[in-house]
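It should be emphasised that the depicted structure is a prediction, and the values quoted were computed from it without experimental measurement.
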Amino acid sequence: MLTLNEITEDNFKDVIKLEVEDSQKLFVAPNVRSLAECYLYRNDGDVFPYAICFDRKPVGFLLVYTEDEENSMTIWRIMIDKNQQKKGYGKQAMMLAEDLVRSYGKYEKLYTSYCLDNINAKKLYLSLGYIKDRINENCDNEMIVVKELKN
């Protein structure tokens, strides 16, 4: 069973060892960088990292942040380890992320993004009901997508 687990001392090393295929490294930052960025923004209380686990073993990483003024959350980073891909974990993790956001009971939208060259991410997000919102103003090679959430 796939779950989202808090990053702890017990799973930290396993999470930072997770990697994507070489051909995917342009699409997502290494997990150690993502966790360092969490540290930078820790005082804001709006960034939440999770280990994506199968039977308690980390197989991926998820990073979300809140946008309270916009009534939304954003999936900042999501990755599945290269040895765990093609098992449906990415889709399941996205659905778990949606459930997580719904559990707060106050967010109406969930955003994420993909590099325009990342056809697999595009297919995944669109298959889950995300719609194209806009090109990222800070990166013209990145499409922002959004999904309206119903509680």
In plain terms, say whether Glu21 and Lys82 are close enough for a salt bridge, that is, a side-chain N and a carboxylate O under 4.0 Å apart.
no
Could you report the tightest heavy-atom contact between Glu98 and Leu110, atom names first, then the distance?
CG-CD2, 3.7 Å
Give a yes or no on whether Tyr41 atom OH has more than 12 heavy-atom contacts from other residues, nucleotides or ligands under 6.0 Å away.
no
What heavy-atom pair brings Gln92 and Leu2 nearest, and what distance separates the two atoms?
CB-CD2, 3.4 Å
Considering all heavy atoms, the nearest Ala121-Asn118 contact
N-OD1, 3.1 Å
If you count heavy atoms of other groups shown closer than 6.0 angstrom to NZ of Lys123, is the number above 12?
no
Determine, using the 4.5 Å side-chain heavy-atom cutoff (strictly less than), whether Leu96 and Tyr125 are members of one ILVMFWY cluster.
yes
Kindly indicate whether the side chain of Met143, heavy atoms from C-beta on, has any atom under 4.5 Å from the side chain of Lys122.
no
Once you round to the nearest 0.5 Å, how far does CD of Gln24 lie from CG of Leu26?
10.5 Å
Side-chain heavy atoms of Asn120 within contact of Tyr114, under 4.5 Å
no
Would a hydrophobic clustering, with Ile, Leu, Val, Met, Phe, Trp and Tyr connected at side-chain separations under 4.5 Å, put Met94 with Ile119?
no
With a 3.5 Å cut-off and sequence neighbours excluded, list the donor-acceptor pairs that the side chains of residues 43-61 form with protein atoms.
residue: Asp55; atom: OD1; partner: Met1; partner atom: N; Å: 3.4

Side chain to side chain contact (heavy atoms under 4.5 Å, CB included) between Arg77 and Glu37: does it pass, once the steps are laid out?
CA-CA 11 Å; Arg77 306 258 164 73; Glu37 289 174 337; 2.9 Å; yes
Here the gap from Thr112 atom OG1 to Leu124 atom CG, rounded to the nearest 0.5 Å, amounts to 9.0 Å
Give the intermediate values and the outcome of side chain to side chain contact (heavy atoms under 4.5 Å, CB included) for residues Ile75 and Val101.
CA-CA 10 Å; Ile75 296 172; Val101 173; over 6 Å; no
One should read off an interatomic distance between Asn136 CG and Cys115 SG, to the nearest 0.5 angstrom, of 9.5 Å
Is it the case that one hydrophobic cluster holds both Leu100 and Tyr89, taking links as side-chain heavy atoms less than 4.5 Å apart, direct or via other members?
yes
With side chain to side chain contact (heavy atoms under 4.5 Å, CB included) as the criterion, how do Glu19 and Lys25 come out once you've worked through the C-alpha distance, each side chain's angles and the decisive distance to 0.1 Å?
CA-CA 8 Å; Glu19 293 183 317; Lys25 288 184 177 178; 4.1 Å; yes
Val28-Val32 co-clustered via ILVMFWY side chain contacts under 4.5 Å:
yes
Begin with the C-alpha distance, continue with both residues' side-chain angles, and end with the deciding distance and a verdict on side chain to side chain contact (heavy atoms under 4.5 Å, CB included) for Val20 and Gln85.
CA-CA 9 Å; Val20 294; Gln85 293 182 8; 4.2 Å; yes
Tell me whether Asp133 contacts the main-chain N or O of Ile144 through its side chain, where contact means a donor paired with an acceptor under 3.5 Å.
no
For Leu128 and Lys147, the nearest pair of non-hydrogen atoms, with its separation, is O-NZ, 2.6 Å
Would you be so kind as to tabulate the donor-acceptor pairs closer than 3.5 Å made by side chains of residues 62-74, with sequence neighbours excluded?
residue: Asp68; atom: OD1; partner: Tyr107; partner atom: OH; Å: 2.6
residue: Asn71; atom: ND2; partner: Glu108; partner atom: OE2; Å: 3.4

What about Leu4 and Trp76, same hydrophobic cluster or not, with Ile/Leu/Val/Met/Phe/Trp/Tyr joined at side-chain heavy-atom distances under 4.5 Å?
no
